[in-house]
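Before I ask anything, here is the structure I am working with.
These values consider heavy atoms only, across backbone and side chains, with no hydrogens, waters or symmetry-generated copies. In the text below, chain A, chain B and the rest are named by the order of the sequence lines, each starting its count at 1.
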Amino acid sequence: MTMIRFGLCCVFHDEPIKFRTTTAAALHGLARKQSFAKLSELCLHNVRTLGLAIDYCNRNGIGSFRVQSGLLPLRTHPRHGYNIEDLANADEIFSLFGGLRAFAHRRNIRTTFHPDQFVVLNSPRPEVVVSSLRELEHHAEMAELIGADVINIHAGGVYGDKESALKRLAEGVNSLSSRTRKHLTIENDDRSYSPVDLLPFCWQEQIPLVYDVHHHRCLPDGFSIEETTEMACSTWNREPVFHVSSPIHGWTGKNPRRHHDYIDMNDFPEKWIKLGITVEVEAKAKELAIRRVMNEIMSLGSATI
DNA sequence: AGCGGTCAAGTTGAT
DNA sequence: ATCAACTTGACCGCT
């Protein structure tokens with residue numbers, strides 16, 4: 001019997017549960033009133049949809065759900081940004097948030113965020129850091145509404161000097177409000193920052209490391225998966241979050257960084273099975289991939305007993 | 001209804 | 001120089 005809580009990422013493959021969005025360009029053609037009405041409609045739709053997503057997880061034994069960053073479309077856009085309170089559907093939106101937060105809490109469903117690639121806390125460009133901080137504060141507001149406990153980002157760029165880049169990352173992290181900083185986690189990536197690059201930072205700054213084993217295999221650092229698992233766990237003051245995926249064309253195919261539809265159990269670290277951790281499944285078949293992993297681990301368990 | 005170009009934002013590395 | 005990739009394709013105007 002595994003202790004793992006599996007996490008579904010953002011969207012569904014087969015289930016008719018669809019989040020909506022819009023573009024700044026599309027809103028440019030509308031009067032302020034119309035664009036505001038449209039945004040309000042999209043927010044309401046998406047919060048309802050989030051309720052459906054969490055309900056699906058509850059009914060299917062999925063213990064964690066990663067929420068799309070675009071839940072409230074263009075919320076921080078310089079021209080089209082808005083406060084939820086100002087939307088026509090504000091009351092219903094807040095009420096739905098309250099309901100789904102209580103539901104997720106009652107059913108022990110963990111929710112997380114993974115802000116997109118434009119959040120770069122260690123950029124040498126001040127305007128990039130400013131908008132990143134703003135974006136993270138926005139995520140923390142959503143996290144409070146939903147009851148999410150993790151906002152996970154990558155370390156950012158290297159800019160030819162990893163040491164000073166990590167120093168800037170620390171400055172960025174410490175510029176966050178405490179209510180935002182307490183949700184923040186850092187994930188190893190597949191090009192620049194391996195776990196061994198990030199662990200000293202994580203220990204020093206008390207920021208948990210989200211260990212992505214696929215990225216670690218793409219960008220190895222001399223430490224084994226078992227060792228890294230243990231060190232990553234030591235950075236957490238609560239249930240750790242890890243990531244797993246399989247390469248689209250196998251490890252010998254081209255561009256193994258890209259994700260497969262499903263998880264090959266050979267890529268699933270055996271050591272993880274007994275741990276009380278959240279494993280977010282990054283696979284294109286989404287809920288189908290999770291169902292398959294859960295089944296395979298269950299049959300694995302009964303076979304070895 | 002279906003198709004293709006487009007979409008706020010950063011950084012890296014393959015081609 | 002261009003572009004795909006990244007946690008995720010969806011939207012919109014055109015035919």
- Item | Contact under 4.0 Å: K38(A) side-chain N or O vs dC11(C) OP1/OP2 | no

(message) Any non-hydrogen side-chain atom of R20(A) less than 4.5 Å from a side-chain atom of N46(A)?
(response) yes

Base, sugar-phosphate, or nothing for H28(A), non-hydrogen atoms under 4.0 angstrom?
nothing

Among dT12(B), dG10(B), dT7(C), the one nearest any side-chain atom of R191(A) is dT12(B)

Report task. With heavy atoms under 4.0 Å as the rule, sort E282(A) into base, sugar-phosphate or nothing. Result -> sugar-phosphate

4.5 Å side-chain heavy-atom contact, E85(A) and F94(A): yes

Original post:
Mind checking the P distance from dG5(B) to dA4(C)? Whole angstroms is fine.
Top reply: 12 Å

| query | What does T22(A) touch in the nucleic acid at a heavy-atom separation under 4.0 angstrom: a base, only the sugar-phosphate, or nothing? | reply | sugar-phosphate

Rounded to whole Å, the CG-P distance (L121(A) to dA9(B)) equals 19 Å

Testing dG9(C), dT7(C), dC12(C) for proximity to the side chain of K284(A), the answer is dG9(C)

Are the ring of F118(A) and the base ring of dA9(B) both nearer than 5.5 Å at their centres and tilted by less than 30°?
yes

Checking dT11(B), dA8(B), dT7(C) against the side chain of R125(A) (C-beta onward), the nearest is dT11(B)

If we only count heavy atoms from C-beta on, is the N174(A) to E205(A) side-chain gap below 4.5 Å? yes

Worksheet item: At under 4.0 Å between heavy atoms, what does R257(A) touch on the DNA or RNA strands: base, sugar-phosphate, or nothing?
Response: sugar-phosphate

Interatomic distance, CD1@I151(A) vs NZ@K182(A), rounded to 0.5 Å, equals 9.5 Å

### Message
Under 4.0 Å, counting only non-hydrogen atoms across every strand here, what does D116(A) touch: a base, just sugar-phosphate, or nothing?
### Response
base

Atom NE2 of H259(A) and atom P of dG9(C) are separated, to the nearest Å, by 12 Å

Checklist line | R66(A)-H243(A) side chain donor-acceptor pair, cut-off 3.5 Å | finding: yes

Quick note, K286(A) side chain, CB onward, closest among dC11(C), dT8(C), dC6(C) is dT8(C)

* To do: Name the nucleic acid region contacted by V158(A), choosing base, sugar-phosphate or nothing; use a 4.0 angstrom heavy-atom cut-off, strictly under.
  => sugar-phosphate

Check your understanding: Across the strands shown, which category fits F113(A) at heavy-atom distances under 4.0 angstrom: base, sugar-phosphate, nothing?
Key -> nothing

When rounded to whole Å, the NE2 to P distance for the pair H114(A) and dA9(B) reads 20 Å

If only side-chain N and O atoms count, and only distance matters, is there a donor-acceptor pair under 3.5 Å linking E187(A) with H114(A)? yes

task: May I ask you to check whether H259(A) and H214(A) place their ring centers less than 6.0 Å from one another?
output: yes

Per salt bridge (charged side-chain N to carboxylate O under 4.0 Å, His left out), K271(A) is matched among E227(A), E230(A), E226(A) by E230(A)

Ranking dT12(B), dG9(C), dA8(B) by distance to the side chain of V11(A), first place goes to dG9(C)

* Asked: Taking atom types as modelled and ignoring hydrogens, do the side chains of T185(A) and W236(A) form a donor-acceptor contact shorter than 3.5 angstrom?
  -> no

Legend entry - Residue-phosphate contact under 4.0 Å: S123(A) side-chain N/O, dT11(B) OP1/OP2: yes

Check your understanding: Considering only the P atoms, how many Å lie between dG9(C) and dT11(B), rounded to the nearest integer?
Key -> 25 Å

Checklist line | Exam field: side chain R217(A) to backbone W251(A), donor-acceptor pair closer than 3.5 Å | finding: no

Rounded to whole Å, the CD-P distance (Q117(A) to dA9(B)) equals 11 Å

Y159(A) has its side chain closest, among dT11(B), dA8(B), dT7(C), to dT11(B)

*Across the strands shown, which category fits T76(A) at heavy-atom distances under 4.0 angstrom: base, sugar-phosphate, nothing?*
base

Between R20(A) and Q68(A), the residue closer to the 5' end of DNA chain C by nearest nucleotide is Q68(A)

note: I151(A), atom CD1; dT7(C), atom P; distance rounded to Å ~ 17 Å

I248(A) CD1 to dA5(C) P, in whole Å, measures 9 Å

Considering only heavy side-chain atoms of A24(A), the closest of dA8(B), dT7(C), dT11(B) is dA8(B)

Stems with DNA chain B, 3 or more Watson-Crick or G-U pairs in a row (under 3.5 Å), are B:1-7 with C:9-15, B:10-15 with C:1-6

Whole-Å distance, H215(A) NE2 to dA5(C) C1', equals 10 Å

Query raised in the report: P atom, dG13(B) versus dT7(C): distance in rounded Å?
Result: 15 Å

### Task
Between dT8(C) and dA1(B), how far apart are the C1' atoms? Round to whole Å, please.
25 Å

**Report entry** Whole-angstrom distance between dT2(C) and dT6(B), as gauged at atom P
**Finding:** 15 Å

(request) Using a 4.0 Å heavy-atom cut-off across all strands, classify H154(A) as base, sugar-phosphate, or nothing. (result) sugar-phosphate

In whole angstroms, the gap separating P of dC3(C) from CZ of R258(A) amounts to 17 Å

message: Distance check, P atoms only: dC7(B) and dA1(C), in whole angstrom units.
response: 23 Å

